[in-house]
*Asks:* 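I have a structure I would like to understand better, so I am pasting it below and will then ask my questions one at a time.
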Amino acid sequence: RQSAHHRSCSSTAVVDQEPPKILITGGLGQLGRGLAPPTTGEIRPLQRHPHRHSQADCRRGKGRPYRFADILDFKLLQEMIVNERITWMFHFSALLSAVGEQNTALALRVNIEGLHNVMELAKQYDLRLFVPSTIGAFGPTSPRNPTPDLTVQKPSTIYGVSKVHAELMGEYYHRKFGLDFRCLRLPGVISADTAPGGGTTDYAVHIFHEAIRNRAYKCYLREDTRLPMIYIDDCLRAMVEVMECDPRLLKQRVYNLQAISFTPAELAKEIRRHMSNFQITYEPDFRQQIADTWPQVLDDSRARADWGWKHLVDTPDLVELMLQYLSHHYE
Ligand code: AKB
């Protein structure tokens, strides 16, 4: 089942007539603000960076209309989709791994009931739907380095469980109803002007703020905890690219996405190249147990082969961008 718009996207001979009308849930979160900043004139680090990518940038229009809506309110979402003639949806609302463990009931409602609403609406209105999955969709019995696309997925957090559910539901709706579902398993996302909210990988953002403000950071993960990470602009570009790509290129509906992997000690060493007096100490908390079950490196060779994924920002670039941006911010 494909709308005229989807058919036109899938054909190499027909040029897209109308741009998609996009609804982003979780529009004020790290990914939502990155994809479409709600305020005008926001300066993002990559806009000054040679690696910047025009596709992601052009999605970041200024002053996007923003509406309050509860993800659990099916009727309100339905009204917005119909009234605004929505054709694509990016579903970012979710409680992340650390905060999900502290409020399982809310995580279940937002991450699972919210997803059901979105999926049902996408099916009813023939929307192209992007849902991010995560490295957290793997668990202690998954291979960790590298972690393939297709392997054991028995996560130990409610966040992970809800994301495996989202992947399976999306694949099922695609098979059964032809839903144009697209999903990437994201690493920890690192951004300067948008804060992550309650994840296990958040240290890799906080460390930069503390480095600029205090020249010191107390890390809640052990120094040797290797995790996959990605710079926000690579991440936004990946999501846009997978949404825009010809569906015939997609040999599967859920792909691993890898960019860089590092440990807190390696990140601190890279920061020290710019700030020789930077100090890091380690005091692992409950997030260590979560991180210990997650992949260290994702195998994303299928994303690279099928739709041409390529990350552009490596660890040294990322450190430079974050420090540059935040030192202006705190001036
Ligand atoms: C988290 O740490 O929970 C998220 C993620 C890796 O999905 N950043």
Side-chain angles (χ1 to χ4, degrees), residues 25-26 28-35 90-104 106-108 110-112 114-115 130-140 142 144-147 153-167 170 183-192 194-209 219-222 225-236 238-239 254-264 267 284-298 300 311 318 322:
T25 71
L28 291 185
Q30 187 188 23
L31 298 178
R33 289 182 91 105
L35 203 60
F90 286 84
H91 175 49
F92 293 149
S93 310
L95 263 68
L96 298 185
S97 56
V99 84
E101 290 312 288
Q102 279 147 359
N103 195 344
T104 317
L106 186 63
L108 277 173
V110 173
N111 295 13
I112 295 192
L115 174 95
F130 180 85
V131 179
S133 185
T134 164
I135 49 173
F138 297 102
S142 313
R144 297 183 69 205
N145 190 348
T147 307
Q153 284 182 271
K154 288 165 87 61
S156 55
T157 61
I158 190 63
Y159 173 61
V161 169
S162 70
K163 287 297 185 179
V164 174
H165 176 72
E167 292 179 8
C183 175
L184 299 176
R185 295 195 188 108
L186 303 181
V189 179
I190 301 176
S191 58
T194 55
T200 302
T201 59
D202 292 9
Y203 91 85
V205 175
H206 298 150
I207 194 171
F208 291 103
H209 290 265
C219 185
Y220 58 78
L221 294 182
R222 259 193 342 260
T225 311
R226 182 174 305 285
L227 289 170
M229 301 281 179
I230 188 167
Y231 188 61
I232 182 82
D233 280 70
D234 271 344
C235 178
L236 299 174
M239 295 189 296
V254 180
Y255 284 93
N256 283 353
L257 194 80
Q258 170 71 25
I260 49 187
S261 284
F262 51 71
T263 65
L267 185 59
D285 67 15
F286 73 100
R287 289 168 281 194
Q288 183 67 52
Q289 272 103 61
I290 299 177
D292 284 342
T293 69
W294 283 3
Q296 297 183 325
V297 176
L298 292 176
D300 67 351
H311 77 277
L318 174 138
M322 290 292 287

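Counting starts at 1 for both ligands and their atoms, following the listed order. The structure presented is a predicted model; accordingly, all values stated were derived computationally and were not measured. Only heavy atoms go into these numbers, but all of them, side chains included; no hydrogens, no water, no symmetry mates.
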*Asks:* For ligand 1, which atoms have a heavy atom of Thr200 less than 4.0 angstrom away?
*Replies:* 1 (C), 2 (O), 3 (O)

*Asks:* Which atoms of ligand 1 sit under 4.0 Å from any heavy atom of Ser97?
*Replies:* 1 (C), 2 (O), 3 (O)

*Asks:* Counting from 1, what ligand 1 atoms have a heavy atom of Ile135 closer than 4.0 Å?
*Replies:* 6 (C)

*Asks:* Is a donor on one side and an acceptor on the other found under 3.5 Å between the side chain of Thr293 and the backbone of Gly139?
*Replies:* no

*Asks:* Roughly how far, to the nearest 0.5 Å, is CZ of Phe262 from CD1 of Ile190?
*Replies:* 4.0 Å

*Asks:* Starting from atom 8 (N) of ligand 1, which protein heavy atom do you reach first, and at what distance in Å?
*Replies:* Thr201 OG1, 2.9 Å

*Asks:* Which atoms of ligand 1 have any heavy atom of Leu96 under 4.0 Å away?
*Replies:* 3 (O)

*Asks:* Does the plane of the ring in Tyr203 sit parallel, tilted or perpendicular to the ring in Tyr220? Use 30° and 60° as the thresholds.
*Replies:* perpendicular

*Asks:* Find out whether Tyr159 and Thr200 are in side-chain contact, i.e. whether some heavy atom of one side chain is under 4.5 Å from a heavy atom of the other.
*Replies:* no

*Asks:* What I'd like to find out is whether the side chain of Ile158 reaches to under 4.5 Å of the side chain of Glu101, using heavy atoms alone.
*Replies:* yes

*Asks:* So, do Cys235 and Leu186 sit near enough that their side-chain heavy atoms are less than 4.5 Å apart?
*Replies:* yes

*Asks:* Considering the heavy atoms of Thr134, write down every atom of ligand 1 situated less than 4.0 Å from one of them.
*Replies:* 5 (C), 6 (C), 7 (O)

*Asks:* Is it the case that ligand 1 has an N or O less than 3.5 angstrom from some N or O of Asp202?
*Replies:* no

*Asks:* Can you tell which part of Val189 has a heavy atom less than 4.0 Å from ligand 1: side chain, backbone, both or neither?
*Replies:* neither

